[in-house]
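Throughout, protein chains are lettered first and strands after them, A, B, ... in sequence-line order, and every chain is numbered starting at 1.
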Amino acid sequence: MPKQYWLMKSEPDAFSIDDLAAVAQEPWSGVRNYQARNSMRDDMRVGDEVLFYHSNAKPAGIAGLARIARTAYPDETQFDPESDYYDPKATRETPRWFMVDVQFVSKFSKILSLAEIKSHAHLFSADFVPVRKGSRLSVAPVSAEDFRTAVQLAKSKR
DNA sequence: GCCAACGTTGGC
DNA sequence: GCCAACGTTGGC
């Protein structure tokens with residue numbers, strides 16, 4: 001399968017691009033959306049490239065790049081009654097939620113804000129998640145073209 | 001804090 | 001299987 005591209009959202013108050021840089025690699029636990037899970041479980045491959053998006057941030061936008069370092073395996077937090085992400089319907093025999101490992105690649109010198117992305121919406125496909133109204137997917141596929149465009153835009157900033 | 005958009009749940 | 005109610009996401 002050719003390399004694929006993704007956008008993954010995180011609230012920087014909880015886990016930012018700086019946090020990812022500090023740990024180098026992180027299990028992406030806590031995803032509790034079926035579409036996002038299916039993308040991680042079925043489609044992500046080691047080496048896939050990721051736009052790391054800060055949501056609920058000032059400003060919101062793409063903060064840097066990451067890559068997939070490990071394919072999907074069961075998210076331990078679903079089995080932990082103490083966890084916010086506990087799922088009583090999940091069992092170790094039939095886990096419901098999966099996670100991948102995400103590895104830090106780079107932090108943009110300046111965040112590519114959502115406002116900037118929208119002001120250049122014509123450069124992106126209509127499917128590009130940040131320009132799609134009301135998109136709430138925490139993990140979403142991105143076309144190779146949109147990925148490249150986002151990286152170029154970010155790097156053209158100073 | 002507001003609220004639109006969207007996903008999930010559960011009654012029928 | 002439909003769909004209203006509800007909860008959450010996420011930009012502003």
**OP:** Could you state the atom-to-atom distance from CG of A/L114 to C1' of C/dC12 in whole Å?
**Re:** 10 Å
Original post:
Can you tell me how far P of B/dA5 sits from CZ of A/R132, to the nearest Å?
Top reply: 14 Å
Original post:
How many Å lie between CG on A/N56 and P on B/dG1, as a whole number?
Top reply: 14 Å
Original post:
To the side chain of A/Q35, which of B/dT8, B/dG7, B/dA5 is closest?
Top reply: B/dG7
Subject >> Candidate nucleotides C/dG11, B/dT8, C/dG10, ranked by approach to the side chain of A/K9 - the nearest >> reply: C/dG10
Subject >> Gap between atoms CG and P, on A/L137 and C/dG10 respectively (whole Å) >> reply: 9 Å
All N/O donor-acceptor pairs, side-chain side in residues 54-61 of chain A, below 3.5 Å, sequence neighbours left out:
unit_1	atom_1	unit_2	atom_2	d
A/H54	NE2	A/I17	N	3.0
A/N56	ND2	A/E11	OE2	2.9

Subject >> Separation of atom NZ in A/K58 from atom P in B/dG1, rounded to whole Å >> reply: 12 Å
**OP:** Indicate, with a heavy-atom threshold strictly under 4.0 Å, whether A/K118 touches base, sugar-phosphate, or nothing.
**Re:** sugar-phosphate
Original post:
To the nearest angstrom, how far is A/K89 atom NZ from B/dG10 atom P?
Top reply: 6 Å
Subject >> Separation of B/dG7 P from A/R96 CZ (nearest whole Å) >> reply: 18 Å
Subject >> Among B/dG7, C/dG11, B/dA5, the one nearest A/A60 by side-chain distance >> reply: C/dG11
Subject >> Donor-acceptor side-chain pairing of A/D75 and A/T77 below 3.5 angstrom >> reply: yes
Original post:
When the aromatic ring centroids of A/Y34 and A/W97 are compared, is their separation below 6.0 Å?
Top reply: yes
**OP:** Round to a whole Å and report the spacing from NE2 of A/H54 to C1' of C/dC12.
**Re:** 19 Å
